[in-house]
Amino acid sequence: MTRAYEDGRLRFAPDLRENIAGGDANYLAMLDEADDYVARNGLDLPEEPEARAFGPDPDCVVDPLVELDLAGAGITSIVWATGYASDYSWLQVDAFDDHGKPRHARGVSAEPGIYFLGLPWQSRRGSSFIWGVWHDAAYVAEHIAIQRGYLAYHDGGGALDPRRSVADQHAESITTTGAA
């Protein structure tokens, strides 16, 4: 992690090894979840023990830089792409608490048409990760389809068929009527 920048020098926290170990632990936890899924569902998949093998730490991890003279290293440009802070100030709706955090239930806000995805612990640990957001995305998409079904019914589109998914009926209504 970058600790400071001053007089053309970057200073780094001496925690590179710990950060990598934390990432490795998350990776192994994801593999455990995948293995558990395979076992629970009786899938016949080959084991991949090499996926859990780690080589020795390279010197740059064992003895990482804690300071870097940018000019001396020939670095003239830096693109920062690490970390972010959420800022919803551009969204002028009543969907946030007193601390500016989204008020929602599994990504569905009380504000009509406002939904959230990718929030930490939105519904589970993986909600804010690319490999885990799909659970919440499926829930939000089904919620939107249901709401559109209600609106179609309210606007004279007729009753919904309880034997068919709302999403399928909505897609069919768009195809038939051209309305979105």
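As a basis for the values below, the full set of heavy atoms in this structure was taken, side chains included, without hydrogen atoms, waters or symmetry mates.
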Problem set entry | Test item: Ser127 and Leu119 side chains (from C-beta on) under 4.5 Å apart, heavy atoms | no
Exercise. If you take all heavy atoms of Leu68 and Ala73, which pair is closest and at what distance?
Worked result: CD1-CB, 3.8 Å
Problem set entry | Within 6.0 Å of CG in Asp36, more than 12 heavy atoms from elsewhere | yes
For this session: Following the transitive rule for hydrophobic clusters with a side-chain heavy-atom cut-off under 4.5 Å over Ile, Leu, Val, Met, Phe, Trp and Tyr, establish whether Trp134 and Val140 coincide in one cluster.
Result: no
Seminar exercise, completed: Heavy-atom closest pair (Pro14 atom, Glu18 atom, distance to 0.1 Å) is O-OE1, 3.8 Å
Problem set entry | Closest approach of Cys60 to Leu16 (non-hydrogen atoms, all atoms of both residues) | O-CD2, 3.5 Å
Exercise. Do you know which two heavy atoms are closest between Gly107 and His104, and how far apart they sit?
Worked result: N-ND1, 2.9 Å
Exercise. In the single-linkage hydrophobic clustering (I, L, V, M, F, W, Y; side-chain heavy atoms under 4.5 Å), do Tyr115 and Tyr139 co-cluster?
Worked result: yes
For this session: Could you check if a side-chain atom of Phe12 sits within less than 4.5 angstrom of a side-chain atom of Glu67, using non-hydrogen atoms only?
Result: no
Exercise. What salt bridge (Lys or Arg N to Asp or Glu O under 4.0 Å) pairs are there with at least one residue in residues 128-139, not counting sequence neighbours?
Worked result: none
Problem set entry | Pairing of Arg52 and Asp35 as salt bridge, 4.0 angstrom limit | yes
For this session: List the steps and the verdict of side chain to side chain contact (heavy atoms under 4.5 Å, CB included) for Tyr5 and Arg11.
Result: CA-CA 6 Å; Tyr5 171 79; Arg11 291 185 183 79; over 6 Å; no
For this session: Could you pull out the closest heavy-atom pair between Asp69 and Arg9, with the gap in Å?
Result: CB-NH1, 3.3 Å
Exercise. Is it the case that one hydrophobic cluster holds both Tyr27 and Phe129, taking links as side-chain heavy atoms less than 4.5 Å apart, direct or via other members?
Worked result: yes
Exercise. Backbone N or O of Val61 within a donor-acceptor pair of the Asp57 side chain at under 3.5 Å?
Worked result: no
Exercise. Roughly how far, to the nearest 0.5 Å, is CG of Leu70 from CG of Asp7?
Worked result: 11.0 Å
Exercise. With under 30° as parallel and over 60° as perpendicular, where do the rings of Tyr88 and Phe116 fit, or are they tilted in between?
Worked result: perpendicular
For this session: Would you check if Phe54 and Leu28 make a side-chain contact, meaning some heavy-atom pair closer than 4.5 Å?
Result: yes
Exercise. If you measure from NE2 on His99 to NZ on Lys101, what distance do you get to the nearest 0.5 Å?
Worked result: 8.5 Å
Exercise. Same cluster or not: are Ile114 and Ile144 linked, directly or through other Ile, Leu, Val, Met, Phe, Trp or Tyr residues, by side-chain heavy atoms under 4.5 angstrom apart?
Worked result: no
Exercise. Can you name the nearest heavy-atom pair linking His135 to Arg106, along with the distance?
Worked result: O-NH2, 4.2 Å
Exercise. With distance as the sole test, does Arg103 use its side chain to make a donor-acceptor pair with the main-chain N or O of Phe96 at under 3.5 Å?
Worked result: yes
Exercise. For the side chain of Asn41 and the backbone of Leu43, is there at least one donor-acceptor N/O pair under 3.5 Å apart?
Worked result: no
Exercise. Short question: side chain of Glu111, backbone of Val108 - any donor-acceptor pair under 3.5 Å?
Worked result: no
